[in-house]
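First up is the structure itself, then whatever we jot down about it.
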Amino acid sequence: MNKTLPPHDEKTIISTSRLTKAFGNLVAVNDLNLEVQRGDVFGFLGPNGSGKTTTIRMLLGLIRPSAGRALLFGMDTAYQLPEILQRIGAIVEMPIFYPYLSGRDNLRVIAANSGMVLGKANEARISEILDIVELRTYEKLAYRKYSLGMKQRLGIAAALLNDPELVMLDEPTNGLDPAGVIEIRRLIQRLASLGKTVFLSSHILSEVQQVCNRVAILRKGNLVKLGAVEDLLRTDEEIEVRMNDTIQTEQALALLQELRGGAINWLTDVRIDQNKRNQSIIKLAAPNDRSAEVNQLLAQHQLYAAEIHPREGSLEEVFLQLVAPSSAAGPYIGGTMAGSNETSTAATALKGDQK
Ligand SMILES: Nc1ncnc2c1ncn2[C@@H]1O[C@H](COP(=O)(O)OP(=O)(O)OP(=O)(O)O)[C@@H](O)[C@H]1O
């Protein structure tokens with residue numbers, strides 16, 4: 001491997017080039033090129049077995065890449081791992097805590113084991129972290145009495161002890177109830193507001209949509225999408241139009257199809273569908289902020305819409321399009337998502353990939 005590094009741009013926190021990991025004949029991660037910038041809350045998405053944990057393990061130096069390289073803070077994981085790890089707080093698996101010790105005492109033990117001298121300054125740091133993870137009220141409670149969400153947050157607290165620049169969380173909401181999921185979401189937002197870069201692997205797309213600014217989507221070890229959440233959602237925006245009767249629907253459909261791609265370049269697709277009440281709906285692939293214009297266009301042709309709804313894009317739908325059976329080669333086999341009680345459509349989709 002070539003030791004010569006390109007000049008490091010302080011803004012780039014993670015950069016992988018052609019990162020690959022094979023386990024025998026199975027290529028778990030294939031030719032992955034990722035970039036995470038300082039201040040990003042980066043969502044790392046993919047169905048079970050798509051290579052997320054393998055990638056995180058390579059980034060943390062827990063396993064060696066078969067090919068390619070990973071740079072963190074401009075340093076190569078192959079040569080400068082100790083320096084890199086000092087700047088990262090990560091939870092890949094739940095850390096082991098002493099069940100009979102309180103949350104604060106557990107953090108004290110971890111701080112002492114990691115070489116922090118227990119003094120006033122560190123007590124203040126532990127208090128600060130307990131505030132960040134919203135466990136200050138429960139700091140004296142024995143760990144064994146913590147709920148799963150509290151345990152997960154204490155794990156994140158432990159990862160924050162060394163005041164890392166980058167926080168890596170592998171499926172932090174697995175197994176949590178909705179309240180626990182919301183608490184983790186708040187925590188991630190708080191970390192972002194404190195200037196931390198967050199790398200979050202998750203299967204809960206609505207959560208990722210709410211907290212992440214950028215995402216990468218993996219399928220069978222291959223990167224199928226990388227970009228700003230806002231841009232991805234924009235590509236999935238639709239305007240739904242319902243007319244008063246069948247004749248008007250047909251006329252509006254014909255008009256909009258004629259205008260599509262010609263006079264109106266922002267209208268990329270026009271199709272007819274049915275809503276839940278079995279009414280015909282015209283669906284336009286167009287930016288939400290064009291709704292008033294659509295209304296006006298129809299009215300100019302004496303076509304008056306009964307309803308016009310801009311429909312926001314959802315990461316779930318973008319994801320489904322990218323990882324659905326038709327979107328990539330190979331079978332799509334349903335299964336059970338290990339370690340999760342998530343039951344949404346997205347989760348069902350995420351169950352899909354074959355290990
Ligand atoms: N140590 C290993 N030996 C052999 N195969 C492995 C090993 N670790 C992972 N794999 C395989 O590599 C592929 C990617 O697994 P990985 O755990 O990275 O996926 P993931 O996206 O994190 O999935 P999950 O959401 O289930 O954790 C899977 O097919 C998995 O079975």
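Fair warning: this is a prediction, and the values are worked out from it, not measured in the lab. Counting convention: from 1, in listed order, for ligands and their atoms alike.
Taking every non-hydrogen atom of T54 and a distance limit under 4.0 Å, the qualifying atoms of ligand 1 come out as 9 (C), 14 (C), 15 (O), 16 (P), 18 (O). Using a 4.0 Å cut-off to heavy atoms of L26, the atoms of ligand 1 that qualify are 11 (C), 12 (O), 13 (C), 29 (O). Residue-ligand proximity, K52 to ligand 1, at heavy-atom distances under 4.0 Å covers atoms 18 (O), 19 (O), 20 (P), 21 (O), 22 (O), 23 (O), 25 (O). Close approach to S50 involves these atoms of ligand 1, each under 4.0 Å from a residue heavy atom: 19 (O), 20 (P), 21 (O).
Distances shorter than 4.0 angstrom occur between a heavy atom of G51 and an atom of ligand 1. Assignment of P47 to the shell around ligand 1 is supported, since a heavy atom sits closer than 4.0 Å.
Of the polar atoms of F23, none of the N or O atoms is found under 3.5 Å from an N or O of ligand 1, judged by distance alone.
Using a 3.5 Å distance cut-off with no hydrogens or angles, the side chains of T20 and N30 do not pair a donor with an acceptor.
Checked against a 6.0 Å centroid threshold, the rings of Y143 and Y98 do not count as neighbours.
For atom 22 (O) of ligand 1, the nearest non-hydrogen atom from the set N48, I56, T53 belongs to T53.
Looking at R190 and E134, a side-chain N of the basic residue comes within less than 4.0 Å of a carboxylate O on the acidic one, giving a salt bridge. One finds no salt bridge joining R108 and E139 here, because no Lys/Arg side-chain nitrogen approaches an Asp/Glu carboxylate oxygen to under 4.0 Å. For D40 and R38, the salt-bridge test fails: no basic side-chain N is under 4.0 Å from an acidic carboxylate O. Using a 4.0 Å cut-off between charged side-chain N and carboxylate O, K196 and E165 make no salt bridge.
Side chains of L141 and M150 form a contact here, defined as non-hydrogen atoms less than 4.5 Å apart.
With a 4.0 Å cut-off on non-hydrogen atoms, T55 does not touch ligand 1 at all.
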